Amino acid sequence: QKEVEQNSGPLSVPEGAIASLNCTYSDRGSQSFFWYRQYSGKSPELIMFIYSNGDKEDGRFTAQLNKASQYVSLLIRDSQPSDSATYLCAVNDGGATNKLIFGTGTLLAVQP
Amino acid sequence: DTAVSQTPKYLVTQMGNDKSIKCEQNLGHDTMYWYKQDSKKFLKIMFSYNNKELIINETVPNRFSPKSPDKAHLNLHINSLELGDSAVYFCASSQFSGGYTFGSGTRLTVV
């Protein structure tokens, strides 16, 4: 059973701090890694993707991938109250169908 | 112009009824999906179609039947609804190995 694991939280950080969200996955064949943000009552929204080992930065967001450790993380710099949401890690299953396996999500709460 | 649109947004129905959810995407993507999100926010894939061909069929009761009349549409029909079917159902689309674009979801409540 291929799995993606996340700490469910809540992760509480003060406004302006760095929020660090972590995810581990079980399938060494996975090639594509995604972070989605989901506000309460809304649909998941893609915010970052990463395919290669190392860091990828986009504005206040940095995705980090370590395939050897089967670990992917998302850093949010200068956290804002509007960043408060559930962050879902998703990993493709390594097959030909682009099936994404989602973690259960980490609830982030940014305190003003 | 909504990229992936689902209807209806809310569906309240009695046990034993049959209902359908419709999904349309205008992104030109080749692949569409149905995911179920339970009360603990866990997203689990149900079905996927690539250019009208079923490519993923997870362990889902056969009361659930997807249908894709063309690559822009993917509908979900559910027969004999049960209490445990209550959840939010998301349609999504993608191109190649890219990330998904999700629809706004259909909150199904079976009473």
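All values derive from a computational prediction rather than experimental measurement. Chain letters run A, B, ... following the sequence lines, proteins first, then strands; residues in each count from 1.
By the neighbour-count criterion of 12 heavy atoms within 6.0 Å, atom CG of B:L54 is densely surrounded, having more than that number from other residues, nucleotides or ligands.
For B:I55, the parts lying near chain A are the backbone and the side chain together; criterion is any non-hydrogen pair under 4.5 Å. Looking at A:F49, neither its backbone nor its side chain comes within 4.5 Å of chain B, counting heavy atoms on both sides. For B:L43, the parts lying near chain A are the backbone and the side chain together; criterion is any non-hydrogen pair under 4.5 Å.
Hydrophobic clustering keeps B:F102 apart from B:M46 (ILVMFWY residues linked when any side-chain heavy atoms are closer than 4.5 Å, directly or through intermediates). Clustering ILVMFWY residues whenever any of their side-chain heavy atoms sit less than 4.5 angstrom apart, transitively, puts B:F47 in a cluster other than the one holding B:I45. Linking ILVMFWY side-chain heavy atoms closer than 4.5 Å, directly or via other members, places A:L21 and A:L65 in a single hydrophobic cluster. Connection of B:I56 to A:V4 is not established within any shared hydrophobic cluster, with ILVMFWY side chains joined at heavy-atom distances below 4.5 Å, either directly or through further cluster members. In the hydrophobic clustering of ILVMFWY residues, with side-chain heavy atoms under 4.5 Å counting as a link, A:L46 and B:M32 come out apart.
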Chain B against chain A: donor-acceptor pairs under 3.5 Å:
{"from": "A:Y36", "atom 1": "OH", "to": "B:Y100", "atom 2": "N", "distance (Å)": "2.7"}
{"from": "A:Y36", "atom 1": "OH", "to": "B:Y100", "atom 2": "O", "distance (Å)": "3.3"}
{"from": "A:Q38", "atom 1": "OE1", "to": "B:Q37", "atom 2": "NE2", "distance (Å)": "2.9"}
{"from": "A:Q38", "atom 1": "NE2", "to": "B:Q37", "atom 2": "OE1", "distance (Å)": "3.0"}
{"from": "A:S43", "atom 1": "OG", "to": "B:G103", "atom 2": "O", "distance (Å)": "3.3"}
{"from": "A:N98", "atom 1": "O", "to": "B:Y100", "atom 2": "OH", "distance (Å)": "2.8"}
{"from": "A:N98", "atom 1": "ND2", "to": "B:Y33", "atom 2": "OH", "distance (Å)": "3.3"}
{"from": "A:N98", "atom 1": "ND2", "to": "B:S94", "atom 2": "OG", "distance (Å)": "3.1"}
{"from": "A:N98", "atom 1": "ND2", "to": "B:F96", "atom 2": "O", "distance (Å)": "3.1"}
{"from": "A:N98", "atom 1": "ND2", "to": "B:G98", "atom 2": "O", "distance (Å)": "3.1"}
{"from": "A:K99", "atom 1": "NZ", "to": "B:E58", "atom 2": "OE1", "distance (Å)": "3.4"}
{"from": "A:K99", "atom 1": "NZ", "to": "B:E58", "atom 2": "OE2", "distance (Å)": "3.0"}
{"from": "A:L100", "atom 1": "N", "to": "B:Y35", "atom 2": "OH", "distance (Å)": "3.4"}
{"from": "A:L100", "atom 1": "N", "to": "B:Y100", "atom 2": "OH", "distance (Å)": "2.9"}
{"from": "A:L100", "atom 1": "O", "to": "B:Y35", "atom 2": "OH", "distance (Å)": "2.7"}

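The most heavy-atom pairs under 4.5 Å with chain B, out of A:L88, A:L100, A:I101, come from A:L100.
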